[in-house]
A.B. asks: 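Pasting in a structure now, in structure tokens, and then I'll have a few things to ask.
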There are 2 protein chains.
Amino acid sequence: MPSITRRPGAQPGRPATAEAELLAAVRRLLAGGATFTELGVQAICKEAGVARSTFYIHFKDKAALLLGLGAEFTSSSFAIASSWQPQDGPEALADVFSHIVAVYREHAPVRRALAEVAAYDETVRAFWDAELQPFTAGTIALIRLEQDAGRIPADLDPVAVTRIVVPGGERAIVDQVDHGDPAADDAFTRELALTWWHGVYRRPT
Amino acid sequence: MPSITRRPGAQPGRPATAEAELLAAVRRLLAGGATFTELGVQAICKEAGVARSTFYIHFKDKAALLLGLGAEFTSSSFAIASSWQPQDGPEALADVFSHIVAVYREHAPVRRALAEVAAYDETVRAFWDAELQPFTAGTIALIRLEQDAGRIPADLDPVAVTRIVVPGGERAIVDQVDHGDPAADDAFTRELALTWWHGVYRRPT
DNA sequence: ATTGTTTTTGGACATAGTGTCCGGACAGAC
DNA sequence: GTCTGTCCGGACACTATGTCCAAAAACAAT
């Protein structure tokens, strides 16, 4: 059987695109509902129309490929999120969350795969931790600044509250993206903003 | 090589304990820092001192064994959590969270494995969803009751807020258990209670 | 003690996937 | 045309899974 030597999607002008083909294949398979873990190198290569040996030229293993996919995600969100300050009010905070929800929806399959693999693979876990770390550091710093300015009570524990706001808030956003109606996104981001506003940034004394 | 026919830990009085031996072995391996995913049936059997064929007599596969381990977890927490009402005040809520944190610390390795596998295995995901579902339903119901009584504003979205409180709160607890100092547990549960109190249950109008 | 029942053993077997290697084919660039 | 880098396709050793079965051990009777 002579097989299909040239993959169909190969641009004639471009030099060598097996790598891009593999990344696109995984994106496609994930979007189709597959779980990254149950996805084998064989299946990925078949979907990509690429020889299995070619896979290992570009990626050490499946996890390395996922990190390549993760690059598409790298926090454009952080710049927007860190721009918010309590002076801007809860409506502006809701806008920040709307932006993050939009990013999460756009990259939902890849984000899901990253979270999935981060639970058992060290390198992916490190990548995702690094992704969230700026939010954690930024939130702690912001709370301390507000405490120094007397706008947040000094007896509030910044580290404990940041556990609630960052990993907790992220999880809530994931839940909305995975299970919630997109039409309800605005109501959700409003509630998230108001909960942090009255629960953390302007908690009554 | 004649091999060690009888495993060392076998109680002579008890009838057939290979199953318990396997469960204990996995608990041991998880507590030793292993990831459930990277744990093979072979490794489990070796640790348990049980023949590999015996494994399949008791469990269909690794996931089935994990569900057996999950039984040790089944929500004793829910009864305590559902007993709280806003009338009891935020200090009582903090006590509820302290109880949940204690349960999470006690079963940390198994809980971690359940969360890990739930990300890619359907049956484990269903088990864990069923575990959290009472909290979700209870929180939505509680908020609606408080709205009917006029103690929570009617324009608060109960479903959206419950995403924040239940999956979000659980994630925060996991973060505290996995990364936080146990000595700081009380400070954490206090902050969690106060955040939900002022952010949700007694949000200022 | 002998017998019967139940559980476990240890190995065989088919299947499937991983990671490595290499000769050869094939493009675009010079 | 030849060179160069990429890709193919298959071979190979290895690891693990899941199924099966006859023999052995442990247990519970009488």
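Convention: sequence-line order gives letters A, B, ...; per-chain numbering from 1.
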A.B. asks: Of B:E106, B:R105, B:R112, which is the lone residue that meets side chain to side chain contact (heavy atoms under 4.5 Å, CB included) with B:V177?
C.D. replies: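 When B:E106, B:R105, B:R112 are each tested with B:V177, the side chain to side chain contact (heavy atoms under 4.5 Å, CB included) holds only for B:R105.
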
A.B. asks: Is there a donor-acceptor contact under 3.5 Å from the side chain of B:D61 to the main chain of B:A64?
C.D. replies: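 Yes, B:D61 side chain to B:A64 backbone: donor-acceptor pair under 3.5 Å.
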
A.B. asks: Taking CD1 from B:I57 and P from C:dT6, how many angstroms apart are they, rounded to a whole number?
C.D. replies: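 That distance rounds to 14 Å.
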
A.B. asks: Does B:Y56 make a side-chain N or O approach to OP1 or OP2 of D:dT19 shorter than 4.0 Å?
C.D. replies: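 For D:dT19, neither OP1 nor OP2 has a side-chain N or O of B:Y56 closer than 4.0 Å.
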
A.B. asks: Taking CZ from A:F55 and C1' from C:dT18, how many angstroms apart are they, rounded to a whole number?
C.D. replies: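 About 11 Å, once rounded to whole Å.
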
A.B. asks: Take A:S98 and A:T189, measure what side-chain hydrogen bond (donor to acceptor under 3.5 Å, both in side chains) needs, and give me the verdict at the end.
C.D. replies: CA-CA 6 Å; A:S98 290; A:T189 56; 3.3 Å; yes

A.B. asks: What residues from residues 27-46 of chain B pass a heavy-atom cutoff of under 4.0 Å to DNA chain C?
C.D. replies: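 Going residue by residue through residues 27-46 of chain B, none turns out to have a heavy atom under 4.0 Å of DNA chain C.
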
A.B. asks: Kindly point out which of D:dC7, C:dT9, D:dG10 is positioned nearest to the side chain of A:S53?
C.D. replies: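 For the A:S53 side chain, the nearest candidate turns out to be D:dG10.
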
A.B. asks: Look at the side chain of A:R52 against the base of C:dG19 and say whether a donor-acceptor pair falls under 3.5 Å; ignore hydrogens and angles.
C.D. replies: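 Side chain to base: pair present.
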
A.B. asks: Within the structure, does a side-chain N or O atom of B:H58 lie under 4.0 Å from either OP1 or OP2 of C:dT7?
C.D. replies: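 Indeed not, no polar side-chain atom of B:H58 lies that close.
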
A.B. asks: Pair up each side-chain donor or acceptor in residues 42-54 of chain B with any protein partner under 3.5 Å, not counting sequence neighbours, and list the distances.
C.D. replies:
residue, atom, partner, partner atom, Å
B:E47, OE2, B:R28, NH1, 2.6

A.B. asks: A:K60 or B:T54: which one's nearest nucleotide on DNA chain C is closer to the 5' end?
C.D. replies: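 It is B:T54 whose nearest nucleotide is closer to the 5' end.
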
A.B. asks: With ring pair (Phe, Tyr, Trp, His ring centres under 6.0 Å) as the rule and sequence neighbours excluded, what pairs involving residues 66-94 of chain A come up?
C.D. replies: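 As it turns out, the ring pair (Phe, Tyr, Trp, His ring centres under 6.0 Å) pairs with a partner in residues 66-94 of chain A, which skip direct neighbours, are A:F73-A:Y104, A:F73-A:H107, A:F73-A:W128, A:F78-A:F135, A:W84-A:Y201.
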
A.B. asks: Can you tell me which nucleotide in C:dT20, D:dC7, C:dT9 comes closest to the side chain of B:A51?
C.D. replies: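 It is C:dT9.
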
A.B. asks: So does B:P153 get a backbone contact from the side chain of B:Q147, meaning a donor-acceptor N/O pair under 3.5 Å?
C.D. replies: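 Side chain of B:Q147 to backbone of B:P153, a donor-acceptor pair under 3.5 Å: yes, one is there.
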
A.B. asks: Nearest whole angstrom, please: distance from the C1' of D:dC7 to the CZ of A:F59.
C.D. replies: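 So the CZ-C1' distance, A:F59 to D:dC7, works out to 15 Å.
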
A.B. asks: Rounded to whole Å, how long is the line connecting atom CG of B:L22 with atom P of C:dT9?
C.D. replies: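 Answer to the nearest Å: 9 Å.
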
A.B. asks: Mind calculating the distance between CG (B:L65) and P (D:dG18) to the nearest angstrom?
C.D. replies: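 It works out to 12 Å between those atoms.
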
A.B. asks: Atom CD of B:E19 to atom C1' of C:dT8: distance rounded to whole Å?
C.D. replies: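 Rounding to the nearest Å, CD of B:E19 and C1' of C:dT8 are 14 Å apart.
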
A.B. asks: Of the options A:D148, A:D157, A:V165, A:L156, which is the one that meets A:I143 in a side chain to side chain contact (heavy atoms under 4.5 Å, CB included)?
C.D. replies: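 Testing A:I143 for a side chain to side chain contact (heavy atoms under 4.5 Å, CB included) against A:D148, A:D157, A:V165, A:L156 leaves exactly one candidate, A:L156.
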
